[in-house]
Structures are given as C-alpha cells and as structure tokens.
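Taking it in order: structure first as structure tokens, then the write-up.
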Amino acid sequence: MTDERRRPSLTLAHGVESPDALPPGVFLDRALGGGFREVRTEGWPTSETSLESLASLGEPLLRVSQRRQESALYEREGVLLQVTLSGAHVYAMVAAAAADAVEDTFVLLRDRLKAPDPSSAHEVPVTFWTYGPHGPQPSWRAIGVPGWEEITQNYAEATQTKLAAIMRDFKPAHGGQLVLWHGEPGTGKTFALRALAWEWRDWCQFHYIVDPDSFFGAHADYLMSVLMQPPFPMMVTHGWTGFSSMSMSAVVEAEDEEEKEEDRAWRVLVLEDTGELLAADARASMGQGLSRFLNVVDGLIGQG
C-alpha cells in the first residue's frame with residue numbers, strides 16, 4: 001500500500017482539421033501528462049515579425065509555419081510553452097508546476113516579443129469579425145490612425161464642434177449606446193472614425209463587423225460571440241496587455257464581481273453602410289435584424 005495520490009485519469013479529444021491545431025493539442029497532452037498545476041494564457045500585439053527572437057529557448061519540440069502565422073512548442077527547465085505569432089499578435093500558453101515559473105516565462109516572452117510602442121506610431125488594434133463555416137471568426141490588425149488635432153481643419157466649423165465633443169469629452173454610460181455617423185460619400189466619415197479610435201484608445205476597443213447582415217441575421221451566436229468575447233487584447237496608457245488564466249486542478253476562478261466598471265474595457269462595434277436598419281420599413285425588409293440591433297444598443301443584451 002502506498003500513500004502516493006493517484007492522478008485522475010483524463011482523456012482529451014482534440015480534433016485536428018489543419019496543421020495549426022497541432023501545437024495546442026500537443027501542449028494540452030503534455031501539460032496533463034506532466035502533472036503541471038498552473039496553466040496560463042496571454043496575448044498581446046507585437047512589433048516582431050517572426051519567432052526568431054526565441055532562439056535562446058532551444059530547438060522547439062514542434063513548429064508549424066503557415067502564411068502569416070507561425071507556432072512553436074518549447075519545453076525548458078520544467079516549463080512547457082506554446083507560442084503563436086499571427087499577423088501582429090502573439091498568443092502564448094505556459095504550463096509549469098508553480099505560478100512563479102509561469103510568471104517568469106511570460107516576462108521573458110514579453111521581453112523577446114515586444115509590444116509596439118503606441119507613442120512612436122499612431123496605430124490601434126482593431127478586431128475584424130466575419131462569420132465563416134466554423135462560426136464567428138475574429139482577426140486582429142494594427143491600423144494607422146490620425147489624431148483629432150491633425151484632421152480638425154478638414155471639417156466645417158459646425159462639424160468640428162460636434163466631432164470635438166465626442167472625441168475628447170464623451171463619457172460612456174452604463175449599457176449600450178448608438179453613435180450615428182452620417183454624411184455624404186467623401187465627407188470624411190471613415191477618417192474621423194479612425195481619429196476616434198486613437199482618441200479613445202486608453203479605455204476602448206474597436207471591433208469592425210465585416211458582414212453586418214449576418215451579424216444581425218440568423219446567426220445569434222455571431223452577435224453573442226462578439227459581445228461576450230473577453231477583453232483581449234487591451235490597450236492601456238503605458239502599453240498593451242491581455243490576460244486570462246486557468247489551473248489544471250480544475251478549479252475555475254470566476255471574474256471578481258467587485259471589479260470596478262471603469263476598469264473594464266469598453267468596446268465599439270463599427271458597422272458601415274447599415275442605414276437600412278434605421279429605415280421606416282426596416283422590420284419588413286430586415287426581419288429581426290432591427291430588433292437585435294436595438295437590443296444591442298439599449299436592450300438586455302447591451303447592458304453591462
């Protein structure tokens with residue numbers, strides 16, 4: 001008879017439909033088999049264009065390269081880590097026996113895969129959403145944007161006054177709100193919207209809905225996925241950050257209910273060319289699209 005506690009038996013089923021699904025599958029299998037108790041995931045934008053800066057970690061156990069995406073799996077000094085570089089964003093999973101080892105590894109990763117300096121380039125991250133064969137699909141891009149002071153003179157005085165009020169003085173209320181960006185083609189609506197993304201960068205994330213007809217159409221999971229996605233990545237005044245964590249001990253820690261409202265990331269859903277949603281015959285021509293639109297703005301869905 002031995003006092004050694006038996007590790008619970010668990011089989012993970014991981015579907016592999018493309019090569020990029022291999023590294024996370026192998027990571028989970030080895031993390032479970034190795035008895036790692038601490039697992040954490042993080043993501044952040046980066047100015048790096050490859051994983052070459054991680055050469056000091058040694059040869060990866062597995063590397064998968066695709067167009068505009070590179071993933072690698074490493075194991076070093078009792079720490080298992082999987083890193084994916086997709087576009088201008090890093091996604092990393094780290095597993096270890098102790099939380100300190102996980103934290104030290106993320107410090108190293110952030111040092112090697114540095115976040116862009118928002119003070120040196122006028123760029124903000126934008127999440128672009130589409131609905132594909134596998135459901136809602138987000139992709140991230142850093143886009144160049146102007147500051148409001150750079151483009152103020154492009155607008156008539158009356159327009160300047162109204163735009164300035166929302167650029168600098170706007171404070172979000174509890175729940176959803178609608179900002180109607182209206183004007184003739186070529187009057188600078190999109191340019192002003194890019195400036196708005198820069199002015200609101202410290203407290204707000206921008207999500208661009210590529211296919212608004214599907215967003216408000218038959219796919220309810222599309223709308224809810226966009227609204228309920230964790231705030232990741234998030235921009236703060238001193239740089240970029242994103243964080244989520246879990247434990248292999250199967251204990252899930254819920255979000256702190258006492259979290260202050262102002263500490264949560266607000267998000268703006270950008271929907272272009274959707275004037276038909278506000279037309280007098282919208283219910284007849286768009287069906288439930290108008291109802292879902294109003295729910296996001298000021299209904300139960302938009303609260304919180």
Side-chain angles (χ1 to χ4, degrees), residues 4-46 48 51 53-54 56-64 66 69-87 89-115 127 134-135 138 140 225 228-234 236 239-257 259 263-265:
E4 182 180 357
R5 298 177 62 184
R6 295 181 58 192
R7 183 167 57 85
S9 176
L10 177 65
T11 300
L12 298 180
H14 186 81
V16 179
E17 298 180 359
S18 61
D20 62 336
L22 285 171
V26 176
F27 174 92
L28 292 173
D29 181 69
R30 294 180 73 96
L32 182 65
F36 296 119
R37 293 182 54 83
E38 297 290 334
V39 179
R40 187 163 120 195
T41 66
E42 286 194 17
W44 61 93
T46 181
E48 298 292 329
L51 296 180
S53 58
L54 301 182
S56 62
L57 297 179
E59 284 296 318
L61 301 175
L62 178 66
R63 178 189 289 120
V64 175
Q66 293 181 299
Q69 180 169 307
E70 183 180 2
S71 296
L73 182 69
Y74 303 88
E75 189 166 7
R76 61 188 294 271
E77 301 176 0
V79 176
L80 183 68
L81 60 150
Q82 187 244 317
V83 185
T84 298
L85 179 62
S86 180
H89 279 76
V90 178
Y91 311 90
M93 288 193 294
V94 176
D100 288 348
V102 173
E103 177 63 30
D104 291 343
T105 301
F106 272 111
V107 170
L108 182 147
L109 289 176
R110 285 183 175 273
D111 180 66
R112 303 293 172 80
L113 299 168
K114 294 185 182 299
T127 305
H134 302 292
W140 291 270
S225 293
M228 303 303 293
Q229 187 201 41
F232 155 71
M234 175 183 175
V236 293
W240 306 79
T241 182
F243 172 81
S244 62
S245 66
M246 61 182 177
S247 171
M248 292 299 285
S249 61
V251 177
V252 180
E253 295 187 6
E255 180 183 5
D256 184 1
E257 295 296 334
E259 180 184 15
D263 291 336
R264 299 176 184 171

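Residue Ala92 comes nearest to Leu109 through the heavy atom pair CB-CD1, 3.9 Å, listed as atom of the first residue, atom of the second, then distance. Taking every heavy atom of both residues into account, Leu113 and Ser53 meet most closely at CD2-OG, 3.4 Å. Between Ala31 and Leu80 the shortest heavy-atom distance is N-CD2, 3.6 Å. Nearest approach of Leu51 to Ala72, heavy atoms of both residues: CD1-CB, 4.0 Å. Of all non-hydrogen atoms in Ala95 and Val39, the two that sit nearest each other are CB-CG2, 3.9 Å.
With Thr46 contributing its side chain and Lys114 its backbone, the two residues share a donor-acceptor pair below 3.5 Å. When atom types are taken as modelled, the side chain of Thr127 and the backbone of Pro138 share no donor-acceptor pair closer than 3.5 angstrom.
For the atom pair Leu57 CG and Glu77 CD, the distance stands at 9.5 Å (nearest 0.5 Å). Atom CD of residue Glu75 and atom CG of residue Leu81 lie 9.0 Å apart, to the nearest 0.5 angstrom. Taking OG of Ser86 as the start and CD of Gln66 as the end, the distance is 9.0 Å to the nearest 0.5 Å. Considering CZ of Phe36 and CZ of Phe27, their distance stands at 8.5 Å, rounded to 0.5 Å.
Looking at heavy atoms from C-beta onward, Leu62 lies in side-chain contact with Leu22 at the 4.5 angstrom threshold. Looking only at side-chain heavy atoms (C-beta outward), Val83 and Arg112 stay at 4.5 Å or farther from each other. Within the 4.5 Å cutoff, the side chain of Thr84 has no heavy atoms near those of the Val64 side chain.
Of the candidates Leu61, Leu54, Val94, Tyr74 forms a side chain to side chain contact (heavy atoms under 4.5 Å, CB included) with just one, namely Leu54.
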Given the rule in the salt bridge (charged side-chain N to carboxylate O under 4.0 Å, His left out) test, do Glu42 and Arg40 qualify, once you have shown the distances and angles that lead to the verdict?
CA-CA 7 Å; Glu42 286 194 17; Arg40 187 163 120 195; 2.4 Å; yes
